Amino acid sequence: SFTLQQVIGWPGYVAALVVLALLLAASLLARRDEIDWHWAILPISLLAYLGWVGLSLLWSEYQRVTLISFGSLVLVTWVGVYIGLSRDAIQVIRSFGDVLRAALERIQQEVRELAGYEFNLNSTPQLRDLLFGKLQLPVVKRTKTGPSTDAEVLEQLAARHPVVERILEHRQLQKLLGTYVDGLLPLVDRETSRVHTTFQQTQTATGRLSSADPNLQNIPVRLELGRRVRRAFVPSEPGLAFVAADYSQIELRLLAHVADIPALKESFASGEDIHARTASEVFGVPMKDMDPLTRRRAKAINFGIIYGISAYGLGRQLGIPPGEARGYIDAYFSRYPEIRRYMNETREFARINGYVLTPFGRRCFVPGIRDKNPARRGYAERQAINAPLQGGAADIIKRAMIRLPHAIAESGLNAKLLLQVHDELLLEAPESEAQATADLARDIMQSAASLSVPLDVDAGIGPTWSDAH
């Protein structure tokens, strides 16, 4: 169940109290001829005090960027958030859709051959019958209607049967088709060939921004298909370039900060390769002899730990048995016991309070943290562990979004902030000012918060969104 404060947010909760105080004050004034003002001084003073405290609390939440970033979002959404989509690029996206449809049909045929019979991949009941009936795979978690087949469940089951991995791939390609081909093209303005996204501040538990109509934040950039979608986005006019500025490993840096991990702090302060350092300390391999495979395994552990990855999930990522993956996770916690302590303390704090705090004091509520169902409670615990990190990263980039337009204006540059994609800001600037814009964005983003580890930002310039990385 949710409290009023959880539904409308802490600032909205305080604002409601202020409005109530004002309504009571208005009621008193309307009946002023009937009131003995000698006795009314005390309640009026109390109302004034409550209103002042409420406004002060509301402003403190603005300072924590829960609402103050609204002004920046209005600026980039209503005034300048567009990404030029050329008419040639529209044709490229249509062709890309044909490629996706062919790939989906091929995967459907492969899944049917692996399953041994015809069934509809988009039917949850039929998928349950295949996975938990015919294939006898273990039920990871349940919903009200039966065993869950969501992405988290499928990722845990992928190592147990090849059909699961093909189903995951089918879902990913289907999402690309629905969101960035069939869903994107109808939203392109016919006159300007531009698209405008809408940012939402209240759709995620951690405070991270999401975008809709179209959603430009979930393009899978690690896939070539996703990179092809980004190549279709170009600046709005000739002579302009895109500048992409992206926080480097920000959640790992926040983990080192909030969990107070000396080894990771030292690596970030010295500019070491954090994944090579982790591989060296966990696997006992000297950094000078580090091979790419060992570093890749350490990278998967570093980022997986933040999201509460299981041995099955890590094993699937690395292509190793779950038992071997469990050994890697145990070795990681043995080398960095501060992370285990942070996780335990954060889970306990969430159980007691129903929320966790970002490093800047903003609350992230965790529904289900006291759920009697072990699967739902475990999911909530993973959310609780990750929320201070993802929420802290959201706070930091919102601060940068607030400061960057003012810094651009003061510097005399003609750049525009177009888009925020999680840890990245995308700007459009004249080609002659692109490097200066990149340098300014890097400076503003790196100084957006003061932590016990330095913030690092990678900035790139290019003629398309993909090329700017």
Side-chain angles (χ1 to χ4, degrees), residues 10-11 56-73 201 204 206-209 243-274 277 302-303 305-306 336 338-339 341-343 345-346 349 355-364 385-411 417 420-425 427 437-459:
W10 174 248
S56 299
L57 288 171
L58 187 59
W59 177 247
S60 73
E61 289 298 313
Y62 270 95
Q63 292 295 80
R64 293 186 181 121
V65 302
T66 302
L67 289 179
I68 198 170
S69 55
F70 177 74
S72 295
L73 295 182
Q201 286 217 78
T204 64
T206 62
R208 174 184 269 189
L209 291 178
V243 176
D246 191 9
Y247 280 111
S248 174
Q249 303 166 340
I250 188 168
E251 291 185 20
L252 271 179
R253 293 171 188 269
L254 282 163
L255 177 62
H257 172 74
V258 300
D260 193 17
I261 308 169
L264 294 185
K265 286 184 178 183
E266 180 185 337
S267 290
F268 284 127
S270 62
E272 272 185 334
D273 181 334
I274 190 65
R277 169 75 179 260
N302 272 334
F303 287 116
I305 290 295
I306 294 174
Y336 302 119
E338 300 91 350
I339 297 178
R341 185 187 68 237
Y342 160 75
M343 290 180 166
E345 291 177 352
T346 303
F349 183 92
Y355 63 85
V356 292
L357 296 172
T358 72
F360 308 97
R362 183 170 55 81
R363 295 182 181 187
C364 299
I385 290 167
N386 176 250
L389 311 179
Q390 191 178 106
D395 291 342
I396 290 172
I397 200 163
K398 285 179 185 178
R399 288 184 174 191
M401 288 181 70
I402 293 165
R403 298 173 184 178
L404 189 54
H406 300 291
I408 289 172
E410 290 177 359
S411 65
L417 178 61
Q420 188 255 50
V421 181
H422 303 319
D423 303 330
E424 170 193 350
L425 295 181
L427 301 97
T437 300
D439 294 340
L440 178 64
R442 185 186 296 109
D443 291 343
I444 293 297
M445 292 172 71
Q446 288 181 167
S447 61
S450 178
L451 305 177
S452 57
V453 295
L455 292 173
D456 189 37
V457 173
D458 299 320

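Keep in mind that what you see is a predicted model, and the values were worked out from it rather than measured. All values below come from the heavy atoms of this structure, side chains included, with hydrogens, waters and symmetry mates left out.
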Do Ile397 and Leu209 come close enough that some side-chain heavy atom pair is under 4.5 Å? no

Between Gly392 and Leu254 the two heavy atoms that sit nearest each other are C-CD1, 3.7 Å

Electrostatic pair Arg442-Asp439, nearest N-O below 4.0 angstrom: yes

Can you list the steps and then say if Ile396 with Leu451 is a side-chain contact (heavy atoms from CB on, under 4.5 Å)? CA-CA 11 Å; Ile396 290 172; Leu451 305 177; 4.3 Å; yes

Donor-acceptor contact present, side-chain His257 to main-chain Val453, <3.5 Å: no

Closest approach of Glu251 to Ala393 (non-hydrogen atoms, all atoms of both residues): CG-CB, 4.4 Å

Just verifying a value: how many Å separate Leu425 CG and Leu417 CG, rounded to the nearest 0.5 Å? 5.5 Å

Using a 3.5 Å distance criterion without hydrogens, assess whether the side chain of Tyr247 forms a donor-acceptor pair with backbone atoms of Met445. yes

Can you name the nearest heavy-atom pair linking Gln249 to Phe268, along with the distance? OE1-CE2, 3.5 Å

Find the distance between OG (Ser267) and CZ (Arg253) and round it off to the nearest 0.5 Å. 10.0 Å

Scanning both residues in full, the closest heavy-atom pair of Glu338 with Ala259 reads CB-O, 3.5 Å

Working to the nearest 0.5 Å, report the span between CG of Leu264 and CG of Leu252. 7.5 Å

From Arg403 CZ over to Ile408 CD1, what is the distance, rounded to the nearest 0.5 angstrom? 14.5 Å

Mind listing the closest non-hydrogen atom pair of Ile274 and Asn302 along with its distance? O-ND2, 4.0 Å

If you look at every heavy atom in Arg362 and Gly207, which pair is closest and at what distance? NH1-CA, 3.6 Å

For a 4.5 angstrom cut-off between non-hydrogen side-chain atoms, does Pro388 reach Val258? no

Separation between CG (Asn386) and OG1 (Thr206), nearest 0.5 Å, reads 7.5 Å

Rounded to the nearest 0.5 Å, how far does NE2 of His422 lie from OG1 of Thr204? 9.5 Å

Quick one: is the NZ or CZ of Arg399 closer than 6.0 Å to the six-membered ring centre of Phe360, and within 45° of its axis? yes

Minimum side-chain heavy-atom gap Leu427-Leu404 below 4.5 Å: yes

Does any non-hydrogen side-chain atom of Tyr342 lie less than 4.5 Å from one of Ile385? yes

